[in-house]
Amino acid sequence: MDHFLYRGGVLHAEDVALNEIAAAVGTPFYVYSANTLRRHFRLFDEGLSPLPHLVCFAMKSLSNVAVLKLLGDMGAGIDTVSIGEYLRARAAGVPGERIVFSGVGKTREEMRVALTGGIRQFNVESEPELEALSEVATALGLRAPITIRVNPDVDAKTHAKIATGKKENKFGIPISRAREVYARAAILPGIQIMGIDVHIGSQLTELAPFEAAYQKVAELTALLRADGHQITRLDLGGGLGIPYTRGNEAPPLPEDYCAMVKRVLGHLDCEIEIEPGRLIAGNSGLLVSKVVYVKEGEDRRFLILDAAMNDLVRPAMYDAHHDIVPVIQDSPGAPTVPYDVVGPVCETGDTFAKARALPMLAADDLVAFRSAGAYGAVMASEYNSRPLVPEVLVDGDRWAVIRPRPSYEEMIARDIVPDWI
Ligand code: LLP
């Protein structure tokens, strides 16, 4: 459920009409619903109760500081994958003890910043990283709290570009070698073992792969404890999928996911951490765009928008589907026509949808891409010298620009022409 509904024939974000925001901000823009974000966070937070737990929002999905503050103020932890993300989370007021640091390529400099600034744990992904972290922490006179990310060799049954839990993927250490690596971690200076980490992929639409991975984590917990390690935390990653096509998809609900976690891992007396990104942010955001032209091709009709692949890359990159709806609702029973929905960027990949049935639209009409809150704005670029798309947050009848559109002058002024040219 989200808070993007038609009222009086106009699509609203909570209590605010999207055409009003468009008139004030211009198009394209992202808009997020604060109450949808809150609701999704609570589903996990309440779903895991009464187990001791921390829901760490995977901020790679949506990293605006205003959103991080909103969730952080509710008690959310944050899953980060770079020091840039860590510093954003800190800027949003999230304390270091609620920030976890994931990722396969943490540099020593990143380790230093996180260790001195305060960090809940590093999710270590390889043996060289473990050795480096030990050296950095020892040099600082600190101990780095860690989990080790294990790769359980489970098929997440999702798009190949976002599956991470098979042995051919670059993530984690093979679960078969876990005891060896934990034994090494236990004797390294500057390292404090806290638990185990796993993340098998994103946009998972079944619980079975999660359950298979978590069973393996439960077995490993027992083995590692028998080896004398203190395992007090299990980080289960993110990955729960969302419905991208209204009415056609029913991925498991957060409640079902949490019930499964409790059933498989609840008896282990561990603090549970999860790292959902898409499920919290995805259906909390829309991309709003304007029709520039309707162009009649030889055998098709193109809807040319002012948003492009640089603003929302998911269709071009993953063949992802986003529902597209008009901001001004069509009268019931009005005919639809098939459009190829495209942006202005100069490549054929800049296609959002093919033969999509939409009501008749004309230049200057507004449309909204649903489910665009996660991996939308964060993956935007300035390709074709199109300034970064702005972001708006709505909370009830209040709204604010939380990242303005840069002017062309600002965009161009970042470049430096050396005096020898
Ligand atoms: N934890 C780790 C270690 C991750 O790598 C990810 C996502 C998450 C948590 C959050 O996963 P989520 O709950 O959002 O599924 N750009 C792609 C998605 C990439 C996901 C990368 N890792 C897309 O647009 O579909």
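When a residue number appears, it is its place in the shown sequence, counting from 1. We count ligands from 1, going down the list as the structure has it; atoms in each ligand are counted the same way.
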Visitor: Could you list which atoms of ligand 1 come closer than 4.0 Å to a heavy atom of Met379?
Guide: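 Heavy-atom distances to Met379 below 4.0 Å select 16 (N).
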Visitor: With Ser134, which residues qualify under side-chain contact (heavy atoms from CB on, under 4.5 Å), at least two apart?
Guide: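 For Ser134 the side-chain contact (heavy atoms from CB on, under 4.5 Å) partners, ignoring immediate neighbours, are Thr138, Leu188, Pro189, Ile191.
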Visitor: Can Glu129 and Arg149 be counted as an ion pair, charged N to O under 4.0 angstrom?
Guide: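 Salt bridge: no.
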Visitor: Any idea which atoms of ligand 1 are less than 4.0 Å away from a heavy-atom of Gly239?
Guide: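 Selected atoms, number and element: 11 (O), 12 (P), 13 (O), 15 (O).
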Visitor: Do the side chains of Glu219 and Lys216 get close enough for a salt bridge, i.e. N-O under 4.0 angstrom?
Guide: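 No, no charged N to carboxylate O under 4.0 Å.
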Visitor: Looking at Arg233 and Glu273, is any side-chain nitrogen of the basic one under 4.0 Å from a carboxylate oxygen of the acidic one?
Guide: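 Yes, charged N to carboxylate O under 4.0 Å.
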Visitor: Do Asp397 and Glu14 have side chains that get closer than 4.5 Å, going by heavy atoms?
Guide: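 Counting from C-beta outward, Asp397 and Glu14 never come under 4.5 Å.
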Visitor: Where do Val94 and Leu68 come nearest, in terms of heavy atoms and distance?
Guide: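 Minimum heavy-atom separation between Val94 and Leu68: CG2-O, 4.3 Å.
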Visitor: Which ligand 1 atoms does Ala58 reach within 4.0 Å, using its non-hydrogen atoms?
Guide: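 Result: 8 (C), 9 (C), 10 (C).
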Visitor: I want to check something: taking the side chain as every heavy atom from C-beta on, are Leu286 and Leu11 in contact at a cut-off of under 4.5 Å?
Guide: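 Sidechains of Leu11 and Leu286: in contact.
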Visitor: Taking 4.0 Å as the limit for heavy-atom contacts, which would you say applies to Asp79 with ligand 1: side chain only, backbone only, both, or neither?
Guide: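 For Asp79, only side-chain atoms sit under 4.0 Å from ligand 1.
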Visitor: Nearest non-hydrogen contact with atom 7 (C) of ligand 1 belongs to which option: Lys161, Lys60, Glu125, His159?
Guide: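 Of the listed residues, Lys60 has the closest heavy atom.
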Visitor: Quick test: of every protein heavy atom, which one is nearest to atom 17 (C) of ligand 1, and how far off is it to 0.1 Å?
Guide: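 Nearest protein contact, heavy atoms only, for atom 17 (C) of ligand 1 is Tyr318 OH, 3.1 Å.
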Visitor: By number and element, which atoms of ligand 1 are closer than 4.0 Å to a non-hydrogen atom of Pro276?
Guide: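 Per the distance check, 13 (O).
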Visitor: Taking distance alone, with N or O pairs closer than 3.5 Å, would you say Gly277 contacts ligand 1?
Guide: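 N/O-N/O distance under 3.5 Å: yes.
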Visitor: Which heavy atom of the protein is the closest neighbour of atom 24 (O) of ligand 1, given with residue, atom name and distance?
Guide: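 Of the protein heavy atoms, Arg314 NE, 2.6 Å lies nearest.
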Visitor: Write out the residue and atom name of the closest protein heavy atom to atom 19 (C) of ligand 1, then the distance separating them to 0.1 Å.
Guide: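 Protein heavy atom at minimum distance: Ile162 CG2, 3.7 Å.
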Visitor: Go through Ile175 and Asp153 one step at a time and tell me if the side chain to side chain contact (heavy atoms under 4.5 Å, CB included) criterion holds.
Guide: CA-CA 8 Å; Ile175 199 162; Asp153 194 23; 6.0 Å; no
Visitor: Can you report which non-hydrogen protein atom sits closest to atom 15 (O) of ligand 1, along with the distance?
Guide: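 Residue, atom and distance for the closest contact: Ser202 OG, 2.4 Å.
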Visitor: Going by the atom numbers of ligand 1, which of them fall below 4.0 Å from some non-hydrogen atom of Arg149?
Guide: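 Under 4.0 Å from Arg149, ligand 1 has these atoms: 3 (C).
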Visitor: Hey, is CZ on Arg225 packed in by over 12 heavy atoms from elsewhere, all under 6.0 Å?
Guide: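 Count over threshold, so yes.
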Visitor: Just heavy atoms, cut-off under 4.0 Å: does Glu275 contact ligand 1 by side chain, backbone, both, or neither?
Guide: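 Within the 4.0 Å criterion, Glu275 contacts ligand 1 through backbone and side-chain atoms alike.
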Visitor: Heavy atom under 4.0 Å from ligand 1: found in Met317's side chain, backbone, both, or neither?
Guide: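 Within the 4.0 Å criterion, Met317 makes no contact with ligand 1.
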Visitor: Side chain or backbone of Ser61 under 4.0 Å from ligand 1, or both, or neither, by non-hydrogen atoms?
Guide: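 Near ligand 1, Ser61 shows nothing, with every heavy atom at 4.0 Å or more.
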Visitor: Would you mind checking which non-hydrogen protein atom is closest to atom 20 (C) of ligand 1, with the distance to 0.1 Å?
Guide: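 The answer is Tyr375 OH, 3.6 Å.
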Visitor: Decide salt bridge (charged side-chain N to carboxylate O under 4.0 Å, His left out) for Asp15 and Arg7; before the verdict, give the C-alpha distance in whole Å, the side-chain angles of both, and the deciding distance to 0.1 Å.
Guide: CA-CA 9 Å; Asp15 299 334; Arg7 288 193 199 168; 2.8 Å; yes
Visitor: In ligand 1, which numbered atoms sit nearer than 4.0 Å to a non-hydrogen atom of Arg278?
Guide: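 In order of numbering, the contacting atoms are 12 (P), 13 (O), 14 (O), 18 (C), 23 (C), 25 (O).
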Visitor: If you take all heavy atoms of Leu43 and Cys258, which pair is closest and at what distance?
Guide: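 The pair with the smallest heavy-atom distance is O-SG, 4.4 Å.
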Visitor: Where does His199 meet ligand 1, judged by heavy-atom distances below 4.0 Å: at the side chain, the backbone, both, or neither?
Guide: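 Near ligand 1, His199 shows its side chain, while the N, CA, C and O stay back.
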